[in-house]
Amino acid sequence: MTTDASASPAARPPSLPVKPRIFSGIQPTGRPHLGNDLGAIRNYVALQDKAATEGREAIYCVVDYHALTHVHDPELMGRQILEMAAALIALGLDPKRCTLFVQSDRPEVTELAWLFNTVTPVGWLMRTPTYKEKRLNQPEDVNTGLLTYPVLQAADIVLYKAALVPIGRDQAPHLELSREIVRAFNARYGETFPEPQAVYTEAPTVLGTDGSKKMSKSIGNTIEILGEPDLIRKQVMSMVTDTQRIMRSDPGRPEVCNVCQMHRHFGADYQEIWEGERTARTGCVDTKKLLAERIIAHYAGAREAYKELTADPKRLRAILDEGAERIRPIAEATMAEVRERMGLR
Ligand code: TYM
């Protein structure tokens with residue numbers, strides 16, 4: 001049976017899209033932080049724009065099923081789904097030029113994830129660094145979803161046969177696992193899915209305000225780019241700088257200072273700012289104040305757009321419904337092909 005099943009479908013031509021599709025997902029965890037934007041969302045927008053000129057599809061998803069592994073408050077979940085959708089649009093996603101939808105509005109993905117479970121050795125999942133990390137972060141709630149999380153992520157991507165995945169570096173182990181799952185599936189049932197590839201920005205890992213760990217809401221070291229200016233000021237002023245620069249007159253080391261590194265993304269004059277630090281012409285406080293004002297100014301338009309969008313949940317819901325409908329034919333075609341390859345009818 002196994003030999004037959006793997007031999008015959010392999011001969012079929014793969015039904016891959018001519019131009020590789022783009023796909024990425026983000027959890028509905030409230031307003032995005034600077035790490036989300038510099039590490040991933042900027043690339044969602046850049047790839048959406050590129051895709052629009054090249055006639056290919058860019059698909060972005062608010063992954064509520066994934067968030068259920070740690071968000072258990074239904075009211076909060078509903079609100080945060082809409083907030084994340086609003087934030088993505090405010091930061092530059094244009095629902096006319098890309099598809100924006102909510103993961104659970106295209107439930108085919110759960111079927112594909114189950115089918116992928118059957119080609120994924122449990123050892124691969126147990127070894128995933130993010131599983132080990134999450135198990136430690138929420139020891140009182142080590143649900144099965146934490147273990148099979150990357151299988152659902154693989155299904156997210158290839159349900160749409162997407163091959164380019166803009167993500168931050170923290171998602172690299174998940175993407176590698178997606179590739180392995182695709183290889184395992186293709187080897188057993190014939191060439192069906194493309195192997196997805198990560199697309200990184202120039203800031204694939206953004207450190208948090210502590211200057212040592214990756215910026216993350218669960219650690220509480222974030223800069224909330226769509227927050228009120230005073231909140232941004234407070235968060236930026238709390239940033240750890242070069243720990244060896246004790247006195248104001250000590251020369252700074254911009255290469256290791258997180259504040260200096262962030263200036264790279266908020267002005268072409270960052271080299272001058274670095275020079276000021278190196279020569280102790282400027283102090284850490286000056287550099288932080290400047291960074292806070294630049295972040296506030298950079299996201300001012302997005303902050304206003306976010307406020308308007310969140311005030312109109314009906315409009316947001318309509319955009320998301322339209323997105324889920326638009327990609328229904330792709331999801332249905334993939335599932336029909338997969339079921340046939342696996343002998344399910
Ligand atoms: P999530 O919601 O944690 O993060 C969304 C995106 O932001 C990036 N990111 C960062 N990049 C650089 N520095 C940081 N400090 C930082 N923090 C977050 C993440 O790398 C990510 O790209 N499992 C995913 C969601 C997901 C997904 C997918 C992604 C579900 N299905 C399919 C791609 C394709 C996650 O939890 O991302």
For the residue pair [X] and [Y], establish whether any side-chain heavy-atom pair is separated by less than 4.5 Å.
X	Y	value
Leu175	Ile167	yes
Trp124	Ile181	yes
Trp114	Val151	no
Thr282	Ile273	no
Arg21	Pro194	no
Thr209	Ile223	yes
Leu159	Ile327	no
His298	Ile225	no

Would you mind checking if [Y] and [X] are paired as a salt bridge, meaning a charged N to carboxylate O distance below 4.0 Å?
X	Y	answer
Glu228	Lys307	yes
Arg97	Asp94	yes
Arg326	Glu57	no
Glu108	Arg106	yes
Glu176	Arg183	yes
Glu277	Arg245	yes
Arg79	Asp73	no

Heavy-atom closest contact ([X] atom, [Y] atom, distance):
X	Y	value
Thr130	Asp170	CG2-O, 4.2 Å
Ala155	Leu112	O-CD2, 3.7 Å
Lys213	Asn221	O-ND2, 3.6 Å
Gln244	Asp250	O-OD2, 4.0 Å
Ile157	Pro196	CG2-CB, 3.9 Å
Val240	Asn258	O-CB, 4.2 Å

Decide if atom NZ of Lys289 counts as having more than 12 heavy atoms of other residues, nucleotides or ligands within a radius under 6.0 Å. no

If you count every heavy atom of other residues, nucleotides or ligands that lies below 6.0 Å from Glu275 atom CD, does the total exceed 12? yes

Kindly compute the distance separating [atom1] ([X]) from [atom2] ([Y]), expressed to the nearest 0.5 Å.
X	Y	atom1	atom2	result
Leu147	Thr128	CG	OG1	7.5 Å
Met237	Lys288	CE	NZ	5.5 Å
Leu207	Gln261	CG	CD	9.0 Å
Leu316	Asp321	CG	CG	10.5 Å
His33	Lys217	NE2	NZ	9.0 Å
Ile232	Lys234	CD1	NZ	12.5 Å

Might you work through the salt bridge (charged side-chain N to carboxylate O under 4.0 Å, His left out) test for Arg233 and Asp230, ending with a clear yes or no? CA-CA 5 Å; Arg233 281 188 195 105; Asp230 274 347; 2.8 Å; yes

Using only heavy-atom distances, determine whether the side chains of [X] and [Y] contain a donor-acceptor pair under 3.5 Å.
X	Y	value
His66	Gln103	yes
Asp64	Ser104	yes
His70	Asn137	no
Ser218	Ser216	yes
Asp37	Tyr299	yes

According to a hydrophobic-cluster definition based on side-chain heavy atoms being under 4.5 Å apart (Ile, Leu, Val, Met, Phe, Trp, Tyr only), do [X] and [Y] belong together?
X	Y	value
Val119	Phe193	yes
Val142	Val122	yes
Val259	Ile219	no
Leu68	Leu76	yes
Val63	Leu320	no

When the ring planes of Tyr160 and Phe23 are compared, do they come out parallel, tilted or perpendicular, using 30° and 60° as the limits? parallel

Is the Phe185 ring parallel, tilted or perpendicular to the Tyr189 ring (thresholds 30°, 60°)? tilted

Closer than 3.5 angstrom, by distance alone: can the side chain of [X] be matched with the main-chain N or O of [Y] as a donor-acceptor pair?
X	Y	result
Lys161	Leu16	no
Arg341	Arg188	no
Ser24	Pro166	yes
Gln138	Asn143	no
Tyr60	Tyr44	yes
Gln197	Val165	no

Does the side-chain contact (heavy atoms from CB on, under 4.5 Å) test come out yes or no for Asp141 and His72, once each step is laid out? CA-CA 11 Å; Asp141 181 23; His72 305 308; 2.7 Å; yes

Verdict with reasoning, Leu125 to Thr148, per side-chain contact (heavy atoms from CB on, under 4.5 Å): CA-CA 7 Å; Leu125 302 175; Thr148 55; 4.3 Å; yes

Derivation and outcome, salt bridge (charged side-chain N to carboxylate O under 4.0 Å, His left out), residues Glu255 and Arg278: CA-CA 10 Å; Glu255 307 70 36; Arg278 274 196 201 101; 3.0 Å; yes

Stepwise salt bridge (charged side-chain N to carboxylate O under 4.0 Å, His left out) check, Arg339 with Glu111: CA-CA 10 Å; Arg339 287 188 205 112; Glu111 182 186 356; 2.8 Å; yes

Would Val206 and Met262 count as a side-chain contact (heavy atoms from CB on, under 4.5 Å) if you check the C-alpha gap in whole Å, the side-chain angles of each, and the deciding distance to 0.1 Å? CA-CA 8 Å; Val206 176; Met262 282 189 184; 3.8 Å; yes

Take Glu83 and Arg31 through the test salt bridge (charged side-chain N to carboxylate O under 4.0 Å, His left out) and record every step on the way to the result. CA-CA 7 Å; Glu83 283 175 359; Arg31 292 185 297 223; over 6 Å; no

Pair Thr99, Glu322 - check side-chain contact (heavy atoms from CB on, under 4.5 Å), show working. CA-CA 8 Å; Thr99 296; Glu322 212 270 306; over 6 Å; no

